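Quick notes on the structure that follows.
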Amino acid sequence: MRYLYFKEDGTLWVRTKSPDAELEKAYPNPIVVSLDFDIQVGDGDAVREKTREEIENGLTYSMKRMTEYPSIQDQLDYIYHNGLTKWKSDMIKPVKDKFPKENA
């Protein structure tokens with residue numbers, strides 16, 4: 001995973017593997033993308049980092065969902081303590097409602 005933090009001037013900070021608490025304090029609402037998500041645009045000498053808006057517009061509903069779901073460990077613990085029905089209604093449905101399938 002890549003954690004993308006944007007400064008007010010649009011400068012992009014990128015972290016991989018885990019979020020950065022200090023960066024998140026300074027630059028809240030990072031965008032989380034997979035490692036293979038292209039954060040640059042252009043070719044040759046005209047390559048630049050995408051803006052926050054360009055990145056957000058390039059995210060599919062499944063990418064948006066991926067970052068909203070709790071970790072697998074947290075989900076399994078929730079299932080163990082609360083059952084599948086509560087897991088679906090409390091953890092899964094809110095994310096699916098927030099980011100519905102496109103063209104469904």
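None of the values given here were measured: they were computed from a predicted structure.
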[atom1] of [X] to [atom2] of [Y]: how many Å apart, nearest 0.5 Å?
{"X": "Met1", "Y": "Thr16", "atom1": "CE", "atom2": "OG1", "result": "11.5 Å"}
{"X": "Arg65", "Y": "Thr60", "atom1": "CZ", "atom2": "OG1", "result": "9.5 Å"}
{"X": "Lys86", "Y": "Ile92", "atom1": "NZ", "atom2": "CD1", "result": "13.5 Å"}
{"X": "Arg52", "Y": "Glu54", "atom1": "CZ", "atom2": "CD", "result": "13.0 Å"}
{"X": "Ile39", "Y": "Arg48", "atom1": "CD1", "atom2": "CZ", "result": "12.0 Å"}
{"X": "Asn82", "Y": "Asp77", "atom1": "CG", "atom2": "CG", "result": "8.5 Å"}

Inset, instruction - Identify whether the distance between the nearest side-chain nitrogen and carboxylate oxygen of Lys25 and Glu22 falls below 4.0 Å. - result: yes

Check whether more than 12 heavy atoms from other residues, nucleotides or ligands sit under 6.0 Å from atom [atom1] of [X], and answer yes or no.
{"X": "Glu53", "atom1": "CD", "answer": "no"}
{"X": "Asp45", "atom1": "CG", "answer": "no"}
{"X": "Lys93", "atom1": "NZ", "answer": "no"}
{"X": "Asn57", "atom1": "CG", "answer": "yes"}

Inset, instruction - Please report the C-alpha distance between Tyr78 and Asp90 in whole Å, then the side-chain angles of each, then the deciding distance to 0.1 Å, and finally whether the side-chain hydrogen bond (donor to acceptor under 3.5 Å, both in side chains) criterion is met. - result: CA-CA 9 Å; Tyr78 199 87; Asp90 296 352; 2.4 Å; yes

Legend entry - Main-chain N/O of Thr85 paired with Ser89 side-chain donor or acceptor, under 3.5 Å: yes

Legend entry - Within-4.5 Å side-chain heavy-atom neighbours: Leu4 and Val33: yes

Legend entry - Pairing residues for Lys64 by the salt bridge (Lys or Arg N to Asp or Glu O under 4.0 Å) criterion, not counting sequence neighbours: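 Partners of Lys64 by the salt bridge (Lys or Arg N to Asp or Glu O under 4.0 Å) criterion come out as none, since no residue qualifies.
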
Give a yes or no on whether [X] and [Y] share a hydrophobic cluster (residues Ile, Leu, Val, Met, Phe, Trp, Tyr; joining criterion: side-chain heavy atoms under 4.5 Å apart).
{"X": "Phe99", "Y": "Met66", "value": "no"}
{"X": "Met63", "Y": "Phe6", "value": "yes"}
{"X": "Trp87", "Y": "Tyr69", "value": "yes"}
{"X": "Tyr61", "Y": "Val32", "value": "no"}
{"X": "Leu35", "Y": "Leu12", "value": "no"}

Legend entry - side chain to side chain contact (heavy atoms under 4.5 Å, CB included) between Asp20 and Tyr5, intermediate numbers included: CA-CA 9 Å; Asp20 186 302; Tyr5 301 89; 4.0 Å; yes

Legend entry - Heavy-atom pair with the smallest gap, counting every atom of Arg2 and Val14: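 Smallest heavy-atom distance, with atoms named: CD-CG1, 4.0 Å.
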
Legend entry - Within 45° cone of Phe37 ring axis and under 6.0 Å: Lys50 NZ or CZ: yes

Legend entry - Derivation and outcome, side chain to side chain contact (heavy atoms under 4.5 Å, CB included), residues Ile31 and Leu59: CA-CA 10 Å; Ile31 298 174; Leu59 297 175; 4.0 Å; yes

